[in-house]
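Read the structure below first, then the notes.
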Amino acid sequence: MDDKNIDKLSENEIDPKLHFDAFMGGVKDGGLRSVNSIYLTVCYIVENINGKVTKDVITKAMSEGGLANYFEVSDAVGKLIKSGTLLENGDGALSLNKNTGADIELVEKDLPYTVRERSIRLVQKIIAKEKYRRENEAKIVKTDNGYDVILNISDGDTEYMKLKLFATTIEQAEMMKEKFLTNPANVYEAVISGIFSNEE
């Protein structure tokens with residue numbers, strides 16, 4: 001960031017020393033303990049998934065993965081956009097503003113490899129999950145005895161599989177739905193493998 005943009009952030013947020021000043025609610029061991037490290041990680045993610053990641057995806061990935069607190073990440077992304085360090089297009093996709101002087105090589109030096117690798121993996125997982133949600137359908141239907149979980153795998157106009165599973169509780173049904181949407185291809189492959197494994 002250049003001096004002009006740095007002025008828009010508080011002294012505590014831009015201090016190069018990594019103070020342990022971030023709220024740790026929901027953060028797992030090895031997570032980010034400083035506000036500055038959260039800023040650096042957000043910039044690293046945006047640079048490495050340029051034009052394909054949104055504020056919601058970064059916030060969800062880092063918080064659900066236990067890397068940083070949801071509100072800390074959301075606040076960091078918002079302030080980076082406001083300062084001009086990050087640019088947000090009409091679709092919400094973020095990119096690093098090269099005119100601010102932000103140097104991703106310096107960011108990489110300040111972040112441990114494990115944090116960099118984990119942050120990218122978490123974001124890619126969320127992006128894939130959202131893609132699966134758009135392309136594949138999973139719905140829960142209440143029945144007299146419990147719940148039907150209807151899973152549908154499709155690609156455009158082609159429907160590859162429609163599967164109905166029974167769940168006794170809504171919690172079980174929601175778990176089935178989420179597991180399916182995390183990786184529908186695995187479910188499809190398991191069904192196909194199970195069918196053909198019965199051949200003599």
Side-chain angles (χ1 to χ4, degrees), residues 1-2 5-6 8-135 178-179 181-186:
M1 302 181 201
D2 61 16
N5 286 286
I6 283 177
K8 297 179 184 178
L9 302 177
S10 73
E11 180 179 350
N12 190 47
E13 291 162 348
I14 62 171
D15 191 336
K17 303 184 194 71
L18 298 184
H19 296 302
F20 296 152
D21 55 359
F23 181 60
M24 297 297 290
V27 181
K28 297 178 181 177
D29 289 343
L32 302 175
R33 300 173 63 189
S34 74
V35 172
N36 193 57
S37 62
I38 294 173
Y39 278 88
L40 293 175
T41 304
V42 168
C43 289
Y44 179 78
I45 290 170
V46 171
E47 174 67 8
N48 283 275
I49 311 184
N50 189 35
K52 299 178 182 178
V53 65
T54 64
K55 175 181 179 179
D56 288 342
V57 167
I58 293 176
T59 305
K60 183 182 291 186
M62 292 180 68
S63 59
E64 288 186 3
L67 190 59
N69 176 266
Y70 177 91
F71 298 104
E72 293 280 17
V73 179
S74 180
D75 184 63
V77 179
K79 287 179 178 175
L80 285 166
I81 293 172
K82 186 176 180 181
S83 72
T85 301
L86 297 182
L87 302 176
E88 187 175 28
N89 70 17
D91 296 328
L94 300 172
S95 60
L96 200 62
N97 185 357
K98 305 298 184 181
N99 295 327
T100 63
D103 190 339
I104 200 62
E105 290 184 6
L106 294 178
V107 171
E108 291 185 13
K109 289 179 182 178
D110 286 336
L111 287 175
Y113 171 78
T114 53
V115 171
R116 284 180 275 147
E117 188 274 337
R118 184 175 165 193
S119 65
I120 296 298
R121 178 167 40 84
L122 288 170
V123 168
Q124 289 174 331
K125 183 178 178 181
I126 294 295
I127 290 174
K129 192 171 181 179
E130 291 194 348
K131 179 176 183 288
Y132 290 144
R133 285 184 185 275
R134 289 193 301 270
E135 295 179 351
E178 286 304 312
K179 290 288 185 182
L181 289 173
T182 297
N183 199 332
N186 278 357

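Residue numbers start at 1 and run along the sequence shown. Remember, predicted model here, so these are calculated numbers, not experimental data.
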Between Leu80 and Val46, does the side chain to side chain contact (heavy atoms under 4.5 Å, CB included) criterion hold? Intermediate values first, please.
CA-CA 11 Å; Leu80 285 166; Val46 171; over 6 Å; no
Once you round to the nearest 0.5 Å, how far does [atom1] of [X] lie from [atom2] of [Y]?
X      : Y      : atom1 : atom2 : result
Tyr39  : Asp75  : OH    : CG    : 5.5 Å
Glu117 : Thr114 : CD    : OG1   : 8.0 Å
Ile58  : Ile45  : CD1   : CD1   : 5.5 Å
Glu72  : Leu67  : CD    : CG    : 12.5 Å
Asn69  : Thr59  : CG    : OG1   : 10.5 Å

Taking side-chain contact (heavy atoms from CB on, under 4.5 Å) as the test, write out the residues that go with [X], two or more places apart.
X      : answer
Asp91  : Asn89
Asn183 : Tyr132, Ala185, Asn186
Ile81  : Val77, Leu86, Glu88, Leu94

Just by modelled atom types, is the Arg116 backbone N or O under 3.5 Å from a matching donor or acceptor in the Ser119 side chain?
yes
Looking at Tyr70, is its backbone amide N or carbonyl O close enough to the side chain of Ser74 to form a donor-acceptor pair, meaning the two atoms are under 3.5 Å apart?
no
Which heavy atom of Cys43 sits nearest a heavy atom of Thr85, and at what distance?
SG-CG2, 4.2 Å
When every non-hydrogen atom of Arg118 is compared with those of Gly65, the smallest separation belongs to NH2-O, 2.9 Å
Does the side chain to side chain contact (heavy atoms under 4.5 Å, CB included) test come out yes or no for Lys52 and Val57, once each step is laid out?
CA-CA 10 Å; Lys52 299 178 182 178; Val57 167; over 6 Å; no
Residues in salt bridge (charged side-chain N to carboxylate O under 4.0 Å, His left out) with Glu64, at least two apart?
none
Is the closest side-chain heavy-atom distance between Val115 and Ser37 below 4.5 Å?
no
